[in-house]
Amino acid sequence: FSADRAGLVLGEGGAALVLESYEHARQRGARIYAELAGYGASCDHHHLAQPLAAGQARALQAALNNAELTSDELDYVNAHGTGTIEGDPVEIEALRAVFGAHAESVAVSSTKSMLGHMLGATGAVEALITVLALARQQVPPTAHLERIDPACAGVRHVAGTGEALPLRAALTSSFAFGGSNAVLAFRRHATTPDQANSHLARPCARSHQPNWRGRGVHPGLTSTATQW
């Protein structure tokens, strides 16, 4: 998102996350870091390497719909943010299209600025970072972002250092070659059984996405991660 960006930097890494039903996690006494609330996917059929804002927006909106979240309930986006000349403005265009006036209130950062692009491992690593951001109420920054490209303006960039913010829900985006777009929606884990159980009574959202949420099942995400 920097006016001085010159392309992506490759990195290496990995992450593992354990996904289980809320009831199962409670029964075994697991520490629950967040709820996997929904997901969205799209395929542009547009170009092998050129991103398309409309296709990314479809995946973002589908994730919100599947998670039964409105755009103003979303507080953070862990962006795909590769640092490419073409890709970054397109991603911001997609975020503005989905969030409208609320886009300027949504915290956005790219952790690739610190870790590089790990290709196949990136989605898992950035999902883990998003989960920890919700658990710790701390947004990681886009490092080295000193001058925002005017084409990437219109959202709340978290630059330089992280920020402590009240986070209710967050998205993490992965936009691949060929226009294959995937977005995960996470919700902060309820701190009391009453809060958690109140969500179980809500009907599943109707969506073109397959409904993987079984009746009476509260998806919970747990991890053995320590500090980051």
_I'd like to know if R188 pairs up with E35 as an ion pair, taking the criterion as any Lys NZ or Arg NE/NH1/NH2 lying under 4.0 Å from an Asp or Glu carboxylate oxygen._
no
Pairwise distance [atom1]([X]) to [atom2]([Y]) - rounded to 0.5 angstrom:
{"X": "D149", "Y": "F1", "atom1": "CG", "atom2": "CZ", "answer": "10.5 Å"}
{"X": "L17", "Y": "L19", "atom1": "CG", "atom2": "CG", "answer": "8.5 Å"}
{"X": "T122", "Y": "F175", "atom1": "OG1", "atom2": "CZ", "answer": "13.5 Å"}
{"X": "Y22", "Y": "L36", "atom1": "OH", "atom2": "CG", "answer": "15.5 Å"}
{"X": "L128", "Y": "E126", "atom1": "CG", "atom2": "CD", "answer": "10.5 Å"}
{"X": "N181", "Y": "S42", "atom1": "CG", "atom2": "OG", "answer": "3.5 Å"}

*Intermediate values then yes/no, side-chain contact (heavy atoms from CB on, under 4.5 Å), L95 and I92*: CA-CA 5 Å; L95 290 173; I92 296 301; 4.1 Å; yes
Nearest non-hydrogen partners of [X] and [Y], listed with the distance:
{"X": "K112", "Y": "A79", "result": "NZ-O, 4.4 Å"}
{"X": "S174", "Y": "G123", "result": "OG-CA, 3.7 Å"}
{"X": "A34", "Y": "V131", "result": "CB-CG1, 4.0 Å"}
{"X": "A57", "Y": "A94", "result": "N-CB, 3.9 Å"}
{"X": "I129", "Y": "P140", "result": "CG2-CG, 3.8 Å"}
{"X": "A169", "Y": "L69", "result": "CB-CD1, 3.8 Å"}

Are [Y] and [X] connected in a single hydrophobic cluster, I mean Ile/Leu/Val/Met/Phe/Trp/Tyr linked by side-chain heavy atoms less than 4.5 Å apart?
{"X": "L8", "Y": "M118", "answer": "no"}
{"X": "L165", "Y": "L134", "answer": "yes"}
{"X": "F186", "Y": "L60", "answer": "no"}

*Which residue pairs pass the salt bridge (charged side-chain N to carboxylate O under 4.0 Å, His left out) test when at least one of the two sits in residues 75-100, sequence neighbours left out?*
R5-D88, D75-R168
_Using only atom types and a distance under 3.5 Å, with no angle test, would you say the side chain of T84 pairs donor to acceptor with the backbone of G87?_
yes
What side-chain donor-acceptor pairs closer than 3.5 Å can you find for residues 100-107, not counting sequence neighbours?
residue: H102; atom: NE2; partner: S71; partner atom: O; Å: 3.3
residue: H102; atom: NE2; partner: L74; partner atom: O; Å: 3.1

*Identify the residue among R58, Q61, Q56 that makes a side chain to side chain contact (heavy atoms under 4.5 Å, CB included) with V98.*
Q61
*asked:* For L64, run the side chain to side chain contact (heavy atoms under 4.5 Å, CB included) check against T70, L171, V183 and tell me which one passes.
replied: L171
Could you tabulate the donor-acceptor pairs under 3.5 Å formed by side-chain atoms of residues 151-159, not counting sequence neighbours?
residue: R156; atom: NH2; partner: E163; partner atom: OE1; Å: 2.7
residue: H157; atom: NE2; partner: C152; partner atom: O; Å: 2.7

*Check step by step if side-chain contact (heavy atoms from CB on, under 4.5 Å) holds for S113 and T111.*
CA-CA 5 Å; S113 61; T111 45; 5.7 Å; no
_If you apply the rule side-chain contact (heavy atoms from CB on, under 4.5 Å), what do you find for V77 with F99, and how did you get there?_
CA-CA 11 Å; V77 175; F99 293 107; 4.2 Å; yes
*asked:* Set out, in order, the CA-CA distance, both residues' side-chain angles and the distance that settles side-chain contact (heavy atoms from CB on, under 4.5 Å) for L184 and T130, then state yes or no.
replied: CA-CA 10 Å; L184 297 179; T130 305; over 6 Å; no
_pair N78-S173: side-chain heavy atoms closer than 4.5 Å_ = no
